[in-house]
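Worksheet for the structure shown next.
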Amino acid sequence: MKNISVLLKRFRESRLFWPVIAWVLILVFDAIVEPGFFELGIIDDPVYGKHLYGNLIDVFRNGAPLMLVAIGMTLVIATGGVDLSVGAVIAISAAMGAVLINPALGNELITNDILTKNATNTPLPLIILAGLAAGTLCGLWNGLLVSRARIQPMVATLILMVAGRGIAQLITNGQIMTIYYTPYFWFGNGYILGLPVSVYIVALVFVVAWVLVRRTSIGLFIESVGINSKSSFYSGINEKNVKLIAYAFCGFCAAIAGLILSSYVHSADGNNNGLNYELDAILAVVMGGTLMSGGRFSLLASVIGALVLWTFTVTIYTLGVPANALLAAKAVLVMLVIFLYSDYSRKWINRIFERKGSQHGEAN
Amino acid sequence: MVKRIKPFLWRYGPLLTTITIFILTYFIGSRMYPAMQKPQVFFNLFINNGSLLLVSIGMTLVILTGGIDLSVGGVLALTTAASAALLRDGASPAIVLPLMIVMGIGFGGLLGIIIQYLKVQPFIATLMGLFFARGMAYIISLTSVTITDSVYKKLALTPIYIPFFQKTYIYLPTLVAPIMLLVAIYLLFFTRFGRTIYAIGNNEQSALLMGLSVSRTKIGVYAFSGLCSALAGIVFSMSLLAGYGQFATGMELDAIASVVMGGTSLSGGVGNVIGTLFGVLINGTIVSILQFNGTLSSWWTRIGVGVLTLIAIGIQSLFHIRKNHS
Amino acid sequence: MTDAKDIVKMLGISKSFPGVVALDSVDFSLRRGEIHALMGENGAGKSTLIKVLTGVEQPDRGTIELDGKIVQVRSPQHSQELGISTVYQEVNLCTNISIAENIMLGREPRRFGSIHWRKMNELAQKAIDRLNIEVDVTQPLGNYSVAIQQMVAITRALEILSTRVLILDEPTSSLDIQETNLLFDVMRRLKSEGIGIIFITHFLDQVYQIADRITVLRNGRLVGTYDLCSLPRLELVAKMLGRSLTELDAMSKGKLGEEEKKGKQCLVEAKGLGRTGMLEPMDLELSANEVLGIAGLLGSGRTELAGLIFGIDAPDNGSLIVDGKKVSSFSPNESLKRGIALCPEDRKAAGVVGDLTIRENIILALQARNGWFKFLTMPKQNEIAEEYIRLLGIVTPSAEQLVKNLSGGNQQKVILARWLATNPKVLILDEPTRGIDVGAKAEIQKLVMQLAEEGKSCVFISSELEEVLRISHRVAVLRDRRKVAEYSSDVDDRTIIHTMAGEA
């Protein structure tokens, strides 16, 4: 019994507490109001085989891009910065994919021939590599501006955010490019062992990120730089490179998100791909307990934060709330986050739990 | 005489840079497209970018204190949607216009209070403001609402001819932005409020110790930004004679880009609204050039603005580095 | 002293914080038209005394009288209303607005509701002329040096408020000789107008140059208040260190001169090493198997010297040779790789990473040297952390405590552990025993001597002369940013104190 109470206490004090509670609350709300929400069925799809099917699955599959961006954004915010360009990077990587598959731009008509051939001008692995490289390069660009040129993160990433969509348009020559290459669709629409591919991708990237930050010293250095940049410098940490890698990784994650997104919608749209993702990602990270001033972070908490945001959105839709109220509802959510994480409520909550603790006579 | 030029250049370097970039861009454009040499094109910059200019002016004051206001586009949209809906339901412009202004000031002031007293980061707080304002606009109406009110129509369609120029005109709402520009200049240079803004941006702790009313000023700038956004919404709704929740998406970032291009630093304490004016004009010029070209797509604007912002920031940091060394 | 009336009289002031007695029944008085220096090493209680006078803290016991009337100073704002103004070392003004605004903002002249610039500039010019400084009041404050900025701060204090008491907190730390003289001219001018000035500093020379009386605090207690004309420097230094002159004679000799410097391997050599505005060029050798003590009062350049050797700042004078190779790029990371470690003096800003755990703080530098990929495994980290927690006696329930929750002394030990863990060849310790209890102090001193015996070169910087002398093989004495002497043979403490005090 003692072990459980110790675990509970650790959970309560950890960064995961509020995001998980929030998510559970939303799910409970869904269960009460819309019991059909949790229905899971198995469907036999002609293209993708047998797989699970239901609202919950949709949440995970469609929330994958946001979760990915949140992972990358966490590292950037932990160093005390921010990356506003992730939405644009999503667009760029989507554009790269579309163009490399079918460089038949603009003037050429999509003929039946192209549709039936189901061909691509570039092998799929190369496409993926190109997209990821493009995203990472964007991240490096941001990182160099911030760490070497000492430009403020908001301004530095604003530049790419503004110019990036233009670059994406440049790549696709201003068109919204439809993708006809079916293997490409697998990333956003396929299933492995009944679960969506995108979920596996998120899990994979999460593991990679986790290994990167917790099995090397990079995570420790990121936190150290975010908490006290000067002490980190005095301790011999190469604070410039730490920031550089954080931004590069963020670009990398955004590129993968772009891949999944364009795969899901079968197209690349420079204007709309990843629109507003940066704001949602920042919210997810803040909800996950990482301070915008930098320092301690938790990848898992940010992912859950993204999940909360996405589940919230899906809930609003399934409730039949008119689409026009979604944004206002989101505002209320942000307001709650603000209040919960503000100094006043933290002190208030701590006092409540301390009193409860002493009531039960917990000996520590 | 020569001795006085050098410190003058150092002090106003960033501003001069922005003005130079504007003149260059305009010059290149008019060389490439002779049609651009008509004076009307210049005045069109003001007609077409009035809202952006208004929003950017408010944004400038907020950024000068070291903060940021992401809600401006949302408040603009809300203003247009609310006014359109009210007018459609028969309210008179004499009520609608002041009401919108009060709403803008109140909204901004509320955000300022949240930022100052709840100690929430301006980024997050105004982001919430953005969601809320735009969300409210969507709730009012998901689709565009046409404005048929006669006063609005008259204001929107009556040209005012400029003396000394042939066939060049502006509209009455076009004047709002330049007037607010003058108001902002007055505030920043002739009132304690304005000087406190600069002080806070430089060192909030010092400003506090100097006995300046930091709290009131900070709340005040956000209220002012809200006012500017509401005015922008009014001008916008007059130009398009419509109210729509999806108006001005992304305008906050164009505003920030214009402000930064104009020489104002995001960390606060440095810059002024005149630079912002030219930042907006540069933005508008690029759009004009692309329109005259006709073949290049609109997304070149994005790249163009991005590149110019980068150049402007680059030159600004050169000035900063030089300053720190001397 | 014609008018010996006291403007300020503080009687029996006591103030404690949890675990620390900051002030113990201290008396202090300030006369009209007097420059009164307040001196004492770190932790002596100077800043607490001033905080009590300016209303930042409330005293537990004692009274404050202003012009003979007992007052309660409720807040900094209130103290300003009472006529007490403080100018800090970090000038609390705004560098982006003009000098005139910095002086007048808050009471600026208006015309039709808006600022009347011409009048404001005129008034500001008049105010600054009172101090006899030549500046253009329309220029931004940031265009001028820190010295001028301080003058402007003083001017504001005098203009905006009817200041009777001016407190200058370490005003000369960032000033050079000419700027200091400028400040002193201003101070003398104000003194002649009857304003009382409290001058907090650690620069002995300057105290003798400008002050009338001096109050010395030590460990929260009043050592005494003296007329400077009747207090020789040696006695002053002795009082600050807490020794009577006779006691100094009786102090036991340390390791000085025990072993000759013959054949000791020179690990680090500084030739004419200096940096403008920070440290005058000096020569220094750090050898293996040796403890080099650096003696000097606070502000004499000790920390700056450590910073230059460790690569925090790059020197613009002279060169640094490590292991026979001249150093061309300076950074803490590079110094770490060369085997040099610095345990800094300012643990809050430059040492502690507060939100990280003890374990993380301890292994931080070691990990930084290893790089990104040679990750210290958890068991290894725990092992290292436990080892140093035990070795240094860090009081904590576990290694997973956040460092920001530890007491100052324990934080210091954590930082020390961080550098010991890197097993450096050269270990520079800047005030390593500050804020640490007596038992632990002895442990650390023993540890340092042990490290020297094992072959390392230790640089021991401390304002406690006793411990410097006890463990050092050689002692370098710094004063006012230059090295004034180096002793390796038998020398007694009086000599060193003489050197520190500036008397031959």
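To find a chain, count down the sequence lines: A is the first, B the second, and so on, and within it residues start at 1. Atom set for the values below is all heavy atoms of this structure, side chains included, hydrogens, waters and symmetry mates excluded.
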Check: Between the side chain of B/Asn203 and the main-chain N/O of C/Thr95, is any donor-acceptor distance below 3.5 Å?
Finding: no

Check: Any idea which heavy atoms bring C/Cys94 and B/Ser206 closest together, and the distance?
Finding: SG-CB, 4.0 Å

Note to self: Restricting to non-hydrogen atoms, name the atom on C/Trp117 and the atom on B/Phe189 that form the minimum distance, rounded to 0.1 Å.
What the structure shows: NE1-O, 2.8 Å

Next item on the list: Under 4.5 Å heavy-atom distance to chain B, tell me which part of C/Arg111 shows up: side chain, backbone, both or neither.
Entry: neither

Check: Under 6.0 Å from the CD atom of C/Glu193, do we count more than 12 heavy atoms belonging to anything else shown?
Finding: yes

Next item on the list: Walk me through it: do C/Asn92 and B/Met210 pass the test side chain to side chain contact (heavy atoms under 4.5 Å, CB included)?
Entry: CA-CA 8 Å; C/Asn92 284 319; B/Met210 279 165 77; over 6 Å; no

Next item on the list: Go through the steps to decide whether C/Ile97 and B/Asn202 satisfy the test side chain to side chain contact (heavy atoms under 4.5 Å, CB included), and finish with yes or no.
Entry: CA-CA 9 Å; C/Ile97 52 181; B/Asn202 179 271; over 6 Å; no

Note to self: If I compare all heavy atoms of C/Arg107 with all of B/Arg192, which pair ends up nearest, and what's the gap?
What the structure shows: N-NH2, 4.4 Å

Checklist line | Validation row: B/Tyr186, C/Ser114 side chains within 4.5 angstrom (heavy atoms) | finding: yes

Notebook entry, point to check: Between C/Asn96 and B/Gly269, what is the shortest heavy-atom contact and its length?
Noted result: ND2-O, 2.5 Å

Next item on the list: Decide if atom CZ of C/Arg110 counts as having more than 12 heavy atoms of other residues, nucleotides or ligands within a radius under 6.0 Å.
Entry: yes

Note to self: Donor-acceptor pair, distance only, cut-off 3.5 Å: does the side chain of B/Arg195 make one with the backbone of C/Ile115?
What the structure shows: no

